[in-house]
Visitor: 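Dumping the structure here so I can ask a few things about it.
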Amino acid sequence: MPTKNRASFGSRLGIIFASVGSAVGLGNIWRFPYETGQNGGGAFLLVYIICVLCFGFPLMMTEFFIGRHTRSNAVGAFRALTSKRGWRNLGYVGVLAAFLILGFYSVVSGWTLEYIWQALSGSLSGKTAEMFMADFEAFSGSIVRPILWLAIFLVITHLIIISGVRKGIEQSAKWMMPLLFLILIVLCIRSLTLPGAKEGLQFLFQPDFSKISSGVVLSALGQAFFSLSIGAACMITYSSYFTRETNIPKTALSVTLLDTMVAILAGIIIFPAVFNFGIAPTQGPNLVFVTLPNIFEQLPWGSVWAFFFFLLLALAALTSVISLHESVTAYVEEQYNLTRSRAALWVSGSVFALGIVASLSIGIWKAHTLFGLTLFDLLDYTTAKILMPLGSMLVCLFVGWLVDRKTLQDDLTNQGKIRMRLFPFFVVFLKYIAPIIIALIFLNEIGLF
Ligand code: PFF
């Protein structure tokens with residue numbers, strides 16, 4: 001059970017920053033705006049906030065309980081909690097999800113470095129909208145450059161991981177997260193002072209209830225899981241470094257609220273800019289990589305804004321990649337008794353190999369598909385739409401039915417020191433409500449329903 005001499009985060013602030021660092025990422029600044037754009041603006045935002053509070057927050061508390069109680073990596077955690085055969089292996093679902101997410105997420109993270117470079121070298125200037133599109137496609141489909149940036153991104157991640165939980169993860173989050181918030185605020189002010197700001201804000205905040213459909217609800221829930229890093233072992237792993245004094249409900253609530261705030265701020269940056277230049281908000285995944293640089297270049301000091309925006313995206317991506325890497329590294333280190341640096345080397349090497357194939361799969365290997373999807377899309381699909389919801393559903397059932405109620409209550413309330421009046425409802429939520437709703441979503445996502 002609890003491992004002696006295990007690493008832990010050093011301060012409450014460190015715990016919040018590291019966890020928010022995992023949650024805040026490409027999901028908030030890249031995925032959230034384009035999902036909002038495609039799913040009706042304000043209506044999507046409203047449903048998203050409901051999903052985050054009703055599902056994201058309690059599920060995060062559940063993962064925090066598993067990690068902090070067992071003080072182990074995700075695979076070891078379930079082994080410590082039960083001797084029941086199938087359930088003992090539940091941790092593998094999360095670790096596998098984390099590894100597969102890394103395969104495509106780190107490739108996109110590498111792209112942010114290319115755009116920082118382009119902003120710095122001035123090569124974003126003087127391009128037309130068509131040129132931005134053509135250049136993005138040429139770059140993301142090329143062989144060498146995306147792989148080079150991927151390698152650089154992974155080396156940075158690797159160095160932080162091998163510096164350890166406190167010196168690497170916690171320290172880096174402590175300066176990266178405030179910097180990220182600062183850049184967010186500056187870019188928000190810039191965007192809000194554009195002539196089209198009002199229209200953009202109306203799109204984001206004025207819900208048109210007729211736009212709410214089952215598809216919108218499902219997209220919002222999927223986005224909530226992805227954005228809060230739920231179902232991929234990360235929150236279990238990070239909470240295994242919490243202290244016995246950490247207030248789990250409060251920490252989960254802070255992380256949930258801060259993550260949601262960043263997504264909304266990203267919307268405030270992007271939609272006024274999009275409306276100001278009369279661009280359709282329904283662009284999809286290329287909204288951030290094609291539309292935004294195009295918008296920035298039409299502003300005075302365009303390359304400066306572009307530089308800060310992509311720096312923001314890179315920092316957000318880095319803290320998330322670190323958490324994904326740590327989930328897999330902690331598993332390899334503890335379950336195979338390796339040193340931390342050796343475990344990290346295995347993980348970095350394998351992620352690099354997977355990332356190379358994922359990157360080439362949208363370039364020269366585009367023609368090779370499985371179920372009609374390139375490897376890149378397949379990794380995205382299997383993690384966000386299968387492993388994360390399925391894993392979360394099983395985690396709810398596991399904690400709801402198999403974990404002793406008193407153990408759960410004692411841990412969440414720090415042996416009665418914290419009041420948790422809704423605990424009985426929380427148990428009903430874990431046993432029935434969450435699994436049924438997630439099952440419906442899952443069946444719908446894979447088209448069985
Ligand atoms: N939450 C991250 C984002 O919004 O970009 C992505 C992520 C990180 C998903 C860690 C899952 C995870 F375990």
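For the numbers below, each heavy atom of this structure counts, side chains included, while hydrogens, waters and symmetry mates do not.
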Visitor: Before you tell me yes or no, could you show the steps for Arg145 and Glu114 under side-chain contact (heavy atoms from CB on, under 4.5 Å), namely the whole-Å CA-CA distance, both residues' side-chain angles and the distance that decides it to 0.1 Å?
Guide: CA-CA 8 Å; Arg145 279 182 89 88; Glu114 163 77 16; 2.9 Å; yes

Visitor: Once the angle between the rings of Tyr238 and Phe9 is folded into 0 to 90°, is it parallel (under 30°), tilted (30 to 60°) or perpendicular (over 60°)?
Guide: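 Perpendicular: the ring planes of Tyr238 and Phe9 meet at over 60°.
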
Visitor: May I have the list of side-chain donor-acceptor pairs in residues 354-373 shorter than 3.5 Å, sequence neighbours left out?
Guide:
unit_1 : atom_1 : unit_2 : atom_2 : d
Ser361 : OG     : Ala358 : O      : 2.7
Ser361 : OG     : Phe376 : N      : 3.1

Visitor: Other residues, nucleotides and ligands only: do more than 12 of their heavy atoms fall within 6.0 Å of CZ on Phe308?
Guide: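 No.
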
Visitor: Heavy-atom distance under 4.5 Å between the side chains of Ser19 and Met60, does that happen here?
Guide: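 No, every pair of side-chain atoms sits at 4.5 Å or beyond.
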
Visitor: Could you give the distance from CD1 (Ile160) to CD1 (Ile322), rounded to the nearest 0.5 Å?
Guide: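 It comes to 3.5 Å.
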
Visitor: Looking at Phe242, is its backbone amide N or carbonyl O close enough to the side chain of Ser8 to form a donor-acceptor pair, meaning the two atoms are under 3.5 Å apart?
Guide: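 It does not hold such a pair.
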
Visitor: Go through it in stages, so that I can follow the logic: the residues are Ser327 and Phe99, the test is side-chain contact (heavy atoms from CB on, under 4.5 Å), and I'd like the CA-CA distance, side-chain angles, deciding distance and then a yes or no.
Guide: CA-CA 9 Å; Ser327 303; Phe99 179 69; over 6 Å; no

Visitor: Just checking, any donor-acceptor pair under 3.5 angstrom between side chains of Asn28 and Asp259?
Guide: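 Looking only at side-chain atoms, Asp259 and Asn28 do form a donor-acceptor pair, the distance falling under 3.5 Å.
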
Visitor: For Lys406, which residues count as a side chain to side chain donor-acceptor pair (under 3.5 Å) partner, sequence neighbours excluded?
Guide: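 Expected list: Asp410.
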
Visitor: Only counting residues at least two apart or in another chain, list the ones meeting side-chain contact (heavy atoms from CB on, under 4.5 Å) with Ala316.
Guide: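 Listed in chain order: Val24, Ile29, Leu180.
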
Visitor: For the side chain of Thr112 and the backbone of Val108, is there at least one donor-acceptor N/O pair under 3.5 Å apart?
Guide: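 Absent.
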
Visitor: Tell me, please, which residues at least two apart from Leu96 pass side-chain contact (heavy atoms from CB on, under 4.5 Å).
Guide: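 Leu96 satisfies side-chain contact (heavy atoms from CB on, under 4.5 Å) with Leu100, Leu387 only.
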
Visitor: Among residues at least two apart in sequence or on other chains, which ones pass side-chain contact (heavy atoms from CB on, under 4.5 Å) with Pro272?
Guide: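 Expected list: Ser191, Ala197, Leu201.
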
Visitor: Using a 4.5 Å cut-off on heavy atoms from C-beta on, say whether the side chain of Thr237 contacts that of Ser323.
Guide: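 A side-chain contact under 4.5 Å is absent here.
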
Visitor: List the residues meeting side chain to side chain donor-acceptor pair (under 3.5 Å) with Gln335, not counting sequence neighbours, and say none if there are none.
Guide: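 Here the qualifying residues are Asn73.
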
Visitor: Can you find a heavy atom in the side chain of Val255 that is under 4.5 Å from one in the side chain of Phe57?
Guide: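 A side-chain contact is absent here, since even the closest heavy-atom pair is not under 4.5 Å.
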
Visitor: With a 3.5 Å cut-off and no angle check, do the side chains of Ser240 and Arg6 form a donor-acceptor pair?
Guide: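 Their side chains do contain a donor-acceptor pair, which is all the 3.5 Å distance test asks for.
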
Visitor: What side-chain donor-acceptor pairs closer than 3.5 Å can you find for residues 422-431, not counting sequence neighbours?
Guide:
none

Visitor: For residues Leu257 and Leu53, determine if any side-chain heavy atom of one lies less than 4.5 Å from a side-chain heavy atom of the other.
Guide: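 Sidechains of Leu53 and Leu257: in contact.
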
Visitor: Quick check on the 6.0 Å ring-centre criterion: do Trp149 and Phe139 meet it?
Guide: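 Aromatic pair excluded; centres sit 6.0 Å or further apart.
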
Visitor: Less than 4.5 Å apart, any side-chain heavy atom of Phe64 and any of His69?
Guide: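 Not in contact.
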
Visitor: So how far is it from Ile264 CD1 to Phe205 CZ, rounded to the nearest 0.5 Å?
Guide: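 Rounded to the nearest 0.5 Å, the CD1-CZ separation comes to 6.0 Å.
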
Visitor: Rounded to the nearest 0.5 Å, how far does CZ of Phe65 lie from OG1 of Thr70?
Guide: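 Atom-to-atom, Thr70:OG1 and Phe65:CZ are 8.0 Å apart.
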
Visitor: For Tyr331 and Glu326: C-alpha separation, side-chain torsions, deciding distance, then whether side chain to side chain donor-acceptor pair (under 3.5 Å) applies.
Guide: CA-CA 8 Å; Tyr331 154 67; Glu326 176 64 23; over 6 Å; no

Visitor: I'd like to check Ile15 versus Ser11 (side-chain heavy atoms, cut-off strictly below 4.5 Å). Are they in contact?
Guide: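 Not in contact.
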
Visitor: With sequence neighbours left out, what residues match Tyr115 under side chain to side chain donor-acceptor pair (under 3.5 Å)?
Guide: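 For Tyr115, no residue satisfies side chain to side chain donor-acceptor pair (under 3.5 Å) once neighbours in sequence are set aside.
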
Visitor: Who pairs with Thr319 by side-chain contact (heavy atoms from CB on, under 4.5 Å), at least two apart in sequence or on another chain?
Guide: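 Residues passing side-chain contact (heavy atoms from CB on, under 4.5 Å) with Thr319: Met176, Met177.
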
Visitor: Sequence neighbours left out, cut at 3.5 Å: what donor-acceptor pairs do the side chains of residues 341-351 make with other protein atoms?
Guide:
unit_1 : atom_1 : unit_2 : atom_2 : d
Ser348 : OG     : His158 : ND1    : 2.7
Ser348 : OG     : His325 : NE2    : 2.9
Ser348 : OG     : Ala344 : O      : 3.0
Ser350 : OG     : Trp346 : O      : 2.5

Visitor: Considering only residues two or more places apart or on different chains, which pairs with a residue in residues 30-45 satisfy side-chain hydrogen bond (donor to acceptor under 3.5 Å, both in side chains)?
Guide: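 Those involving residues 30-45 are Arg31-Gln223, Glu35-Asn39.
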
Visitor: Any non-hydrogen side-chain atom of Val274 less than 4.5 Å from a side-chain atom of Leu287?
Guide: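 Touching, per the 4.5 Å side-chain cut-off.
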
Visitor: Distance-only check: which donor-acceptor pairs under 3.5 Å involve side-chain atoms of residues 74-87, not counting sequence neighbours?
Guide:
unit_1 : atom_1 : unit_2 : atom_2 : d
Arg79  : NH2    : Asn89  : OD1    : 2.7
Thr82  : OG1    : Lys84  : N      : 2.9

